[in-house]
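Okay, handing you the structure first.
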2 protein chains.
Amino acid sequence: MTLNFWIRNRSVILYGSSLAVLLFLMKWLEWRFIIIDHALELYAGALAIIFTLLGIWLAIKLTRPKTNTIIVEKEVFVKSDEFVLDDKELTRVGLSKRELEVLQLMAQGLSNHQIAEHLFVSLNTIKTHSSKVFEKLEVQRRTQAVDKAKKLCLIP
Amino acid sequence: MTLNFWIRNRSVILYGSSLAVLLFLMKWLEWRFIIIDHALELYAGALAIIFTLLGIWLAIKLTRPKTNTIIVEKEVFVKSDEFVLDDKELTRVGLSKRELEVLQLMAQGLSNHQIAEHLFVSLNTIKTHSSKVFEKLEVQRRTQAVDKAKKLCLIP
DNA sequence: TTTCCGTTCATACTTTAGGGTGATTTTGAT
DNA sequence: ATCAAAATCACCCTAAAGTATGAACGGAAA
């Protein structure tokens, strides 16, 4: 409460304090140098400068910057290539690491022979893998497998 | 030129003029009421108030373009999953209506036999169509055809 | 240790896909 | 009406894909 009041009116309180201090200073200066010739002009000039600066400072402190909130609608095209593998589906269908690998290459249009070469294994191995993939995905053809795998987010 | 200078430094010039006027006013006031007891304090107080206000006005005028423009980028997500057929690509590769139809069914994992049944034509017809599709898409296998067609936005 | 699973490979066989050629009919545009 | 392209179908052949079965090996879990 008190703290909050301090924070909110800090500038005003500071200004008041400064004013008080300056007035005391003025009084002192008055006693000291008021006798000097043309001291009043100097005194007034100093006063003017000081309080102008004070006013400027106060204004800067008090005038909270107007925040013009401009909402710019930025079109963000959702990239469909931001692929995230569906781990749940993957574990559900029970595809092994190698089988998924074969499936990915399959989706890229590679033949069994090409996949075999790519993975440095024999054609028969790929046939075994692909057969297992078809079993687990419950399909008969590689095109079906690719289609289903894409729908299940197993491949991009 | 001169007008521009006036516009640019209007605030400063106005401040200077006001200061001059006030100093003359002060001088006049000095002659008039300085004799009054405790007039100095009142004079100083008035000065303080006036110049504080002047400072505030000056600050406000000078720091006018202090509007913090907060640009909030509102992201508008554009659906990219709604398929739009790329007509340009379609005409470029020169796929006929029937060929595209076959390609679509191909992408769904149907065998040539199934496609034939689906379109009420013979298996050989589908073979001819698919061969033409492969030719036009410059691929060898149906999986490649599907992959390429998807990349060319010919099928969803 | 045993058992299970993944990975590897092989053989044999069937099915499907794909290439090539040729032909007929339909359709759309000039 | 005519011509080109599209659509239809057939036959033959090869390549690729897919099925079935069996087996060896290694790692991880029971």
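If you're wondering where the values come from, they're calculated on a predicted model, not measured in any experiment. Every chain is numbered from 1 and lettered A, B, ... according to where its sequence line falls, protein lines coming before strand lines.
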Which letters describe nucleotides 18-30 of chain D, given B = protein heavy atom under 4.0 Å from base, S = only from sugar-phosphate, - = neither? BB-----------
Once rounded to the nearest 0.5 Å, what's the spacing between atom CG of A/Leu154 and atom NZ of A/Lys136?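 It comes to 12.0 Å.
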Please answer whether the main-chain N or O of A/Ile155 pairs with a side-chain N or O of A/Lys150 as donor and acceptor at a distance below 3.5 Å.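 No; judged by distance alone, with no hydrogens or angles, the pair does not exist.
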Compute the angle between the rotation axes at the two ends of the helix from C/dT1-D/dA30 to C/dT30-D/dA1, each taken over five pairs, rounded to 10 degrees.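 Nearest ten degrees gives 60° for this helix.
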Give a yes or no answer on whether the side chain of A/Gln144 reaches the backbone of A/Gln140 with a donor-acceptor pair at less than 3.5 Å.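 Yes.
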NE2/A/His113 to CD/A/Glu117 distance, rounded to the nearest 0.5 angstrom?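 One gets 4.0 Å once the value is rounded to the nearest 0.5 Å.
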Considering only heavy atoms, which members of residues 145-156 of chain B lie under 4.0 Å from some atom of DNA chain D?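 Correct list: empty, so none.
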Quick test of your reading of the model: are A/Arg98 and A/Glu101 salt-bridged, counting only N-O distances below 4.0 Å?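 Salt bridge flag = yes for A/Glu101 with A/Arg98.
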Without decimals, in angstroms, what is the distance between A/Lys132 NZ and C/dC9 P?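 Going from NZ in A/Lys132 over to P in C/dC9 covers 15 Å.
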To the nearest 0.5 angstrom, please state how far the CG atom of B/Leu110 sits from the CD atom of B/Gln104.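 That separation rounds to 12.0 Å.
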So which nucleotide from C/dC9, D/dA7, D/dC9 ends up closest to the side chain of B/Thr125?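 Closest nucleotide to the B/Thr125 side chain: D/dC9.
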Are B/Leu123 and B/Val102 connected in a single hydrophobic cluster, I mean Ile/Leu/Val/Met/Phe/Trp/Tyr linked by side-chain heavy atoms less than 4.5 Å apart?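 No, B/Val102 and B/Leu123 fall in different hydrophobic clusters.
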Is a side-chain donor or acceptor of B/Lys132 paired with a backbone partner of B/Glu99 at a separation under 3.5 angstrom?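 Looks like no, no N/O pair under 3.5 Å.
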Atom-to-atom span, CZ of B/Arg98 to C1' of D/dC9 - whole angstrom: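 After rounding, the gap between these two atoms is 13 Å.
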C/dT7, D/dA7, D/dA16: which one has an atom nearest the side-chain heavy atoms of A/Ser111?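 Nearest listed nucleotide: D/dA16.
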Tell me the interatomic distance from A/Leu95, atom CG, to C/dT7, atom C1', rounded to whole angstroms.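 It works out to 15 Å between those atoms.
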Does A/Lys136 or A/Val121 map to a spot on DNA chain C nearer the 5' end, using the closest nucleotide for each?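 Upstream on the strand: A/Lys136.
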Mark yes or no for whether B/Thr91, through its side chain, and B/Gly94, through its backbone, hold a donor-acceptor pair below 3.5 Å.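 Judged by distance alone, no pair lies under 3.5 Å.
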For atom CD1 of A/Ile126 and atom P of C/dT7, their distance in whole Å: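 So the two atoms are 11 Å apart, to the nearest Å.
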Can you measure A/His113 atom NE2 to C/dC9 atom P for me and round it to whole angstrom units?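 A/His113 atom NE2 is separated from C/dC9 atom P by 14 Å.
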D/dT8 OP1/OP2 closer than 4.0 Å to side-chain N/O of B/His129: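 True: B/His129 side-chain N/O within range (under 4.0 Å) of D/dT8 OP1/OP2.
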Specify the separation, in whole Å, of atom CD1 of B/Ile115 and atom C1' of D/dT8.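 The answer, rounded to whole Å, is 16 Å.
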Take the protein atom CG of B/Leu123 and the nucleotide atom P of D/dC11, then report the distance between them rounded to whole Å.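 Atom CG in B/Leu123 sits about 12 Å away from atom P in D/dC11.
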Judged by atom type as modelled, is there a donor-acceptor pair below 3.5 Å linking the side chain of A/Gln114 to the main-chain atoms of A/Ser111?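 It does hold such a pair.
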Between P on C/dC5 and CD on A/Glu99, what's the gap in Å once rounded to a whole number?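 Rounding to the nearest Å, CD of A/Glu99 and P of C/dC5 are 13 Å apart.
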By the 4.0 Å heavy-atom rule, please label B/Lys97 as base, sugar-phosphate, or nothing.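 The residue B/Lys97 makes sugar-phosphate contact but no base contact.
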Measure from the side-chain N and O atoms of A/Thr128 to the backbone N and O of A/Asn124, and report whether any donor-acceptor pair falls under 3.5 Å.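 Yes, A/Thr128 side chain to A/Asn124 backbone: donor-acceptor pair under 3.5 Å.
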Euclidean distance, A/Lys148 NZ relative to B/Gln108 CD, rounded to 0.5 Å: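 Atom-to-atom, B/Gln108:CD and A/Lys148:NZ are 14.5 Å apart.
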